[in-house]
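Presented below is the structure to which this report refers.
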There are 2 protein chains.
Amino acid sequence: MLYPVNGKIQPFCGKVPVMSALEATSAKQGPSQIARPSGLAEEVYRRIRADIMSLKLPPDTRVSVDSLARELGVSQTPIREALSMLEANGLVSKKHFTGYATAPRMDRAQLDELFEFRLLVEPHAARKAAEAMAQSDMESLGAVSGAHAPSHDGFADMDTEFHKLIAQGGGNHLIADSLARLHIHVHIFRSCFRSEIAEEAVHEHDAVIAAIRGRDAAAAEAAMRRHIERSYGRLRDFIRD
Amino acid sequence: MLYPVNGKIQPFCGKVPVMSALEATSAKQGPSQIARPSGLAEEVYRRIRADIMSLKLPPDTRVSVDSLARELGVSQTPIREALSMLEANGLVSKKHFTGYATAPRMDRAQLDELFEFRLLVEPHAARKAAEAMAQSDMESLGAVSGAHAPSHDGFADMDTEFHKLIAQGGGNHLIADSLARLHIHVHIFRSCFRSEIAEEAVHEHDAVIAAIRGRDAAAAEAAMRRHIERSYGRLRDFIRD
DNA sequence: GGTCCGCCAATCCTATAGGATATTTGATCC
DNA sequence: GGATCAAATATCCTATAGGATTGGCGGACC
């Protein structure tokens, strides 16, 4: 057959891939989501993004379309579409006739800009979350609370989920999407330095969660602001420029 | 020849297209910019985005890859890359095996979310612009001030430039990019209703400009907040849902 | 010994052909 | 007359081949 089925990524020709895609989406986004086998491009997109976030593709690394196509067992077209989307999200950059490369690691100026933005948006999101968060999300929030994360990746996932839930809690999709896009870069930056799991961060998280559960908007905003400021202080130490 | 040169978009095979691309970029971004013929995909991207913003492609309209390829005289690949980038920016959406379509017109909820976001970010940007805007941008700001725009498009361009300069003035690229991305949607929404050129908006702009020129951060923030609130009121009237 | 020029490999970019799918249209049946 | 099913069309998705360009490498020249 023309479609290599060596365990990488399979096109939507058979029935099995479709089912697996359905399971994947429904498992990740909850049962209320429509079944949408969004195509190979999106699959490849997630794969590459995961590789970037796990530092399997470190910052400032060349990414060859040919290599990816061979490695994933798909044609170049979906690779190109995925890379174009990643470029639009700032995770890779394209130089004409030279190819794609993962974005270089954040420098001091970019870190400052990123946290200025977070400090502007995320406390507001926490305030609104305290006012209007749905009960279901509130319960999910409890799941990322007290449990001590064993590994570095475990903490990172928990942190991502924590901030995502609060951003969504405000009910504003634009805010949630913007913060999610930014959080990816924070994740990469933090992973670059394999920073120790900060016990403080967990306490700060719990403070925010407590305020939101108590529907105390002002306290939630303040706690989130404090968390981001402290987080900024912890990350800033890793950089000198 | 394989490359149709019927006046649409030309590949980078000859010398003339390269020169024209150079002239275009240098004319738009100033003489200090490196020459970067970024490829067909970006050219196509700008073209489609322009067509969407000019309502030549109205909201919720099917966009065929084949048709675009024929119309622009290029292959399908750059069209796909451009559409992927547009999708990442929320201007088109893709449905598997059905094709691309321009995003539907904003509904009331989206308008609310968008202006909540703007109200959160843009006054802050104005404050920072008043504190730190470069002298060159300050002069450019004067150019979009008093002059009465004759046409609807003229006002729209002026408005876009006004908000772009202030967003850039704060020196935070993330803020500037986010606001630019959002402003496109505001532009489309406004164009849909061919709203009359609001004389008020010009006065509000002038108030912001005056505050920034006077380096009065608090006044700039307040003026921008007022401008956005009024702008929201003007646009909200067009929608019922 | 340093610098410049031409060649080679790797990569990207474009174009075309073929298979698969969703939507539409028309005819048939109830 | 309305609804249902099937064929046809238009479109997308994938794969492969060929042309064009960049960056690095070795040799020649000053």
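Just so it is clear, the values below take in all heavy atoms, side chains as well, and ignore hydrogens, waters and symmetry mates. Naming: A, B, ... by sequence-line order, numbering from 1 per chain. Because the structure is a prediction, the values reported are computed rather than measured.
- Across all strands, Thr77(B) comes closer than 4.0 Å to base atoms (heavy-atom distances).
- The side chain of Ser75(B) has dA15(C) as its nearest neighbour among dT21(D), dA15(C), dT14(D).
- Judged purely by atom type and a 3.5 angstrom limit, Arg105(B) has no side-chain atom pairing as donor or acceptor with the backbone of Ile188(B).
- With rounding to whole Å, His96(A) atom NE2 is found 18 Å from dT11(C) atom P.
- In this structure, the CZ atom of Phe97(B) is 6 Å from the P atom of dT21(C), given to the nearest Å.
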Carefully, step by step, assess His124(B) and Ile175(B) under the rule side chain to side chain contact (heavy atoms under 4.5 Å, CB included). CA-CA 10 Å; His124(B) 175 83; Ile175(B) 291 179; 4.1 Å; yes
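- Distances from the side chain of Ser64(A) to the nucleotides dA22(C), dT11(C), dA15(D) place dT11(C) closest.
- Considering only side-chain atoms of Val65(A), the nucleotide from dC12(D), dA15(C), dC12(C) that sits closest is dC12(C).
- Of the candidate nucleotides dC12(C), dC13(C), dC12(D), dC12(D) has the atom nearest to the side chain of Asp66(B).
- Taking 4.5 Å as the limit, some side-chain heavy atom of Asp159(B) sits within range of a side-chain heavy atom of Arg190(B).
- Between the CG atom of Leu40(B) and the P atom of dT21(D) there is a distance of 12 Å, given to the nearest Å.
- Between the NZ atom of Lys94(A) and the C1' atom of dT11(C) there is a distance of 13 Å, given to the nearest Å.
- Residue Glu81(A) contributes atom CD, which lies 14 Å from atom P of dC13(C) at whole-angstrom precision.
- As rounded to whole Å, 14 Å separates atom C1' of dT14(D) from atom CZ of Arg80(A).
- Side-chain atoms of Thr61(B) do not come within 3.5 Å of backbone N or O of Thr102(B) as any donor-acceptor pair.
- Distance Glu43(A) CD to dT14(D) P: 11 Å, rounded to the nearest Å.
- Listed nucleotides: dT11(C), dT23(C), dG23(D). Nearest to the side chain of Lys95(A): dG23(D).
- Here dA15(C) presents its P atom at 10 Å from CD1 of Ile79(B), a figure rounded to the nearest Å.
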Derivation and outcome, side chain to side chain contact (heavy atoms under 4.5 Å, CB included), residues Arg118(A) and Val186(A): CA-CA 11 Å; Arg118(A) 285 187 67 184; Val186(A) 177; 3.9 Å; yes
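- Taking every side-chain heavy atom of Arg62(B) into account, dT11(D) is the closest of dT11(D), dT11(C), dG23(D).
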